[in-house]
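Here the structure is a predicted model, which is why all the values come from computation and not from measurement.
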Amino acid sequence: QVQLVESGGGLVQTGGSLTLSCAASGRTFSTYAMGWFRQAPGKEREFVAATIKSGSSTYYADSVKGRFTMSRDNDKNTVYLQMNNLQPADTAVYYCNSASKLHSLVVMATEELGQWGQGTQVTVSS
């Protein structure tokens with residue numbers, strides 16, 4: 001199991017940028033696909049982006065495609081989410097998670113995901 005700690009959230013104006021980080025513990029980090037998710041107030045948690053074990057391929061939700069970029073550094077056991085042109089609809093708590101397969105992250109196969117971290121709050125003001 002990989003334990004995760006998200007950071008980098010904050011308050012930003014519409015059109016601004018933030019970079020989130022997710023630090024993972026354990027020496028098996030590079031054997032997991034990793035994903036970012038978010039949960040807005042009153043809404044269910046939703047998929048944002050995911051990358052394969054090597055980081056060479058990444059999949060994005062349509063709502064963030066072209067604005068968000070996910071990357072990973074296996075030497076630092078960390079994944080990142082660069083968020084540009086932020087909109088009020090992006091306001092949410094952002095989480096990362098791991099799975100053995102990319103598909104499990106994309107479809108949010110709960111039984112195949114790892115343990116959730118505490119998340120990091122992103123608030124976009126209009």
Side-chain angles (χ1 to χ4, degrees):
Q1 273 286 5
V2 176
Q3 293 187 324
L4 306 165
V5 178
E6 301 92 342
S7 63
L11 174 64
V12 64
Q13 291 185 334
T14 297
S17 299
L18 280 174
T19 299
L20 307 183
S21 299
C22 170
S25 64
R27 289 177 285 182
T28 60
F29 174 76
S30 63
T31 67
Y32 288 93
M34 296 296 297
W36 282 99
F37 305 84
R38 65 187 182 185
Q39 186 167 19
K43 296 187 177 181
E44 293 188 353
R45 194 171 299 180
E46 65 177 3
F47 167 78
V48 174
T51 188
I52 61 174
K53 301 168 187 178
S54 68
S56 62
S57 181
T58 307
Y59 185 82
Y60 297 94
D62 288 343
S63 59
V64 306
K65 202 173 295 183
R67 300 188 297 123
F68 290 11
T69 302
M70 181 178 183
S71 60
R72 69 187 293 166
D73 185 335
N74 286 343
D75 291 335
K76 295 182 178 179
N77 281 14
T78 302
V79 292
Y80 304 95
L81 186 68
Q82 171 69 43
M83 306 184 295
N84 296 326
N85 191 21
L86 283 161
Q87 302 297 313
D90 297 316
T91 295
V93 178
Y94 283 71
Y95 302 86
C96 60
N97 210 321
S98 62
S100 59
K101 299 176 182 178
L102 180 76
H103 182 260
S104 300
L105 296 165
V106 175
V107 301
M108 294 186 64
T110 306
E111 68 280 7
E112 297 180 18
L113 301 183
Q115 186 175 0
W116 293 99
Q118 84 289 348
T120 186
Q121 175 72 49
V122 172
T123 303
V124 184
S125 63
S126 58

Report yes or no: does [X] contribute a side-chain atom to a donor-acceptor pair with the main-chain N or O of [Y] at less than 3.5 Å?
X	Y	answer
Q121	G9	no
Q87	N85	yes
R72	I52	yes
N97	G114	yes
S21	Y80	no

Minimum heavy-atom distance [X]-[Y], with the two atoms named:
X	Y	result
T31	T28	OG1-O, 2.6 Å
L4	S98	CD1-N, 4.2 Å
S125	L11	CB-CD1, 4.3 Å
S17	N84	OG-OD1, 3.0 Å
S126	P88	CB-CG, 3.9 Å

In Å and rounded to the nearest 0.5 Å, what is the [atom1] to [atom2] distance from [X] to [Y]?
X	Y	atom1	atom2	result
Y95	Q39	OH	CD	5.5 Å
K43	T91	NZ	OG1	10.0 Å
L81	M34	CG	CE	11.5 Å
Y32	L105	OH	CG	11.5 Å
C22	N77	SG	CG	10.0 Å

**OP:** Examine W116 together with F37 and report whether their ring centres are nearer than 6.0 Å.
**Re:** yes
Subject >> Worked verdict on Q82 versus T19 for side-chain hydrogen bond (donor to acceptor under 3.5 Å, both in side chains) >> reply: CA-CA 4 Å; Q82 171 69 43; T19 299; 2.4 Å; yes
Original post:
Does one hydrophobic cluster hold both L113 and V93, with members joined at side-chain heavy-atom distances below 4.5 Å?
Top reply: yes
Donor-acceptor contacts under 3.5 Å from residues 53-61 side chains, at least two apart:
from : atom 1 : to  : atom 2 : distance (Å)
S54  : OG     : S56 : N      : 3.3
S54  : OG     : S56 : OG     : 2.8
T58  : OG1    : T51 : OG1    : 3.3
Y60  : OH     : M70 : N      : 2.8

**OP:** Evaluate the side chain to side chain contact (heavy atoms under 4.5 Å, CB included) criterion for residues F68 and D90: first the C-alpha distance (whole Å), next the side-chain angles of each, then the deciding distance (0.1 Å), finally the verdict.
**Re:** CA-CA 11 Å; F68 290 11; D90 297 316; 3.9 Å; yes
Original post:
Can you check side chain to side chain contact (heavy atoms under 4.5 Å, CB included) on F29 and V79, steps first, answer last?
Top reply: CA-CA 10 Å; F29 174 76; V79 292; 3.7 Å; yes
**OP:** Apply the test side chain to side chain contact (heavy atoms under 4.5 Å, CB included) to residues R38 and L20: give CA-CA distance (whole Å), side-chain angles for both, the deciding distance (0.1 Å), then the verdict.
**Re:** CA-CA 12 Å; R38 65 187 182 185; L20 307 183; over 6 Å; no
Original post:
Are any non-hydrogen side-chain atoms of M83 and R67 less than 4.5 angstrom apart?
Top reply: no
**OP:** Would you indicate whether Q118, at its atom CD, is surrounded by more than 12 heavy atoms from other residues, nucleotides or ligands within a distance under 6.0 Å?
**Re:** yes
